[in-house]
Each structure stands twice: as C-alpha cells, then as structure tokens.
Visitor: 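Structure provided below as structure tokens; questions to follow.
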Amino acid sequence: MDGTQVLTLGLGLQAPWKLKDQHLDTTSSPHRLELYVEADRGSLYACPECGKACPAHDFADKSWRHLNFFQHHCYLHARVPRTRCPEHGVKRVEVPWARPDSGFTLLFEQAAMSLVREMPVLAVSRQLEVTDKRLWRIVHHYVGRMLGDLDLSQVANVGVDETASRRGQRYVTVFLDMQRQQEPVIFAV
Ligand SMILES: [Zn+2]
C-alpha cells in the first residue's frame with residue numbers, strides 16, 4: 001500500500017468518486033500533497049433532497065484540507081456537481097468525505113476534535129498549522145450539534161458548582177441534575 005492509498009482510506013471514496021491524480025508541490029512551504037478526485041463523465045449523483053440518481057447540471061471546483069502526509073499539508077480537490085432533480089431542481093450534491101460548506105475533510109475534523117479534547121484550541125491550531133479562527137468554526141459546529149442532541153426535558157433541579165483545577169489556574173463550572181444519582185453532570189465548562 002503506498003502513501004496515497006493510506007491517505008485516501010476512510011475518505012469514503014465510493015462510486016462514482018475515485019482518485020484520479022496526485023502530485024507533491026515542492027514550490028510551496030510547507031510542501032503540499034495535492035490529491036485529485038473525480039467521477040466518470042456522465043455519472044449520476046444522488047439528489048441531496050430525495051436521493052434520486054440525477055445527471056449533473058454543472059460543476060464547481062472545490063478543495064478541502066486533509067490530514068497531513070508526513071510533514072506536508074495535504075489537499076483534496078474535486079469538481080463537485082449540482083444535480084438537476086425533476087422534483088427538487090438544481091442542488092449541490094454532498095460529497096462523502098466532507099460536510100457541506102466545510103473546507104476540511106471529515107477525517108481532518110475528527111483529528112482536530114480529538115486533539116481539542118486534550119489541549120487548548122490555540123495549541124491545536126499551531127500543531128495542525130491552521131488558523132485558530134478556522135479551528136473554532138469546526139469546534140462550534142460539533143459542540144453545537146452535541147448540545148442540540150442534549151435532552152434536558154426531564155431535568156427539574158439544576159445545581160451549579162465552580163471549582164479550581166491545577167492549583168487555581170483554571171476554573172471548572174459544573175452543572176448537575178440534582179435528581180439524578182448516577183452520572184449527574186449535565187455540562188462542564
Ligand atoms: Zn430530488
């Protein structure tokens with residue numbers, strides 16, 4: 001298995017998408033590994049509304065930052081079609097390797113989120129060599145989605161406690177469900 005196969009594992013490259021080309025750009029610093037993904041001409045794509053296989057209406061060139069390849073940054077490029085569905089009209093298709101409107105692959109976002117659990121966002125942004133502003137956008141998306149899934153409809157009494165951690169340099173605020181014996185923590189910041 002070569003390096004590019006390792007990098008494309010887990011990208012969700014399924015028909016009609018496949019890796020067409022790759023090239024290491026040594027003129028930029030850090031060097032960039034460019035991966036080009038494409039679909040065969042005349043491929044059909046699922047309408048994002050109903051899933052019906054529809055022909056492409058037009059294409060737009062899109063790029064996503066992907067996991068580093070050794071010390072090199074890696075970018076994925078693809079021409080992403082809009083489908084023309086008889087029922088829903090012209091819609092941009094969703095690619096299997098990234099969220100709509102994200103400039104990062106899902107694998108990059110997963111790696112970033114697992115690092116953010118362990119260290120401050122600014123430190124992660126330096127390690128991944130991405131601006132902290134862009135990183136915060138990823139964090140807000142996933143945290144927002146997690147909070148949206150939080151069901152507080154059964155909570156009647158909330159307790160709040162603040163405690164210092166690491167010799168008073170950082171403070172943790174904990175919100176507790178006072179009626180729950182097991183795992184009472186609702187949220188901690
Ligand atoms: Zn449709």
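For the single chain, residues carry numbers from 1 onward in sequence order. Atoms within a ligand are numbered from 1 in the order they appear, just like the ligands themselves.
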Visitor: State whether the side chain of Ser102 and the backbone N or O of Phe104 hold a donor-acceptor pair below 3.5 Å, judged by distance alone.
Guide: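 Such a contact is found between Ser102 side chain and Phe104 backbone.
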
Visitor: Please report, to 10°, the angle around the Zn ion (ligand 1) from atom SG (Cys85) across to atom SG (Cys50).
Guide: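 Reported to 10°, the angle equals 110°.
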
Visitor: Looking only at N, O or S atoms, which one in His88 sits nearest to the Zn ion (ligand 1)?
Guide: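 Restricting His88 to its N, O and S atoms, the minimum distance to the Zn ion (ligand 1) goes to ND1.
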
Visitor: Report the relative orientation of the aromatic rings in His77 and Tyr36; use parallel for angles under 30°, tilted for 30 to 60°, perpendicular for over 60°.
Guide: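 Parallel.
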
Visitor: Does NZ or CZ of Arg65 come closer than 6.0 Å to the centre of the six-membered ring of Phe108, within 45° of the ring's axis?
Guide: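 No, Arg65 does not lie over the aromatic ring of Phe108.
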
Visitor: Measure up the His31 and His72 rings against each other and bin them: parallel (under 30°), tilted (30 to 60°), perpendicular (over 60°).
Guide: parallel

Visitor: Check whether any N, O or S atom of Cys54, backbone or side chain, sits closer than 2.8 Å to the Zn ion (ligand 1).
Guide: no

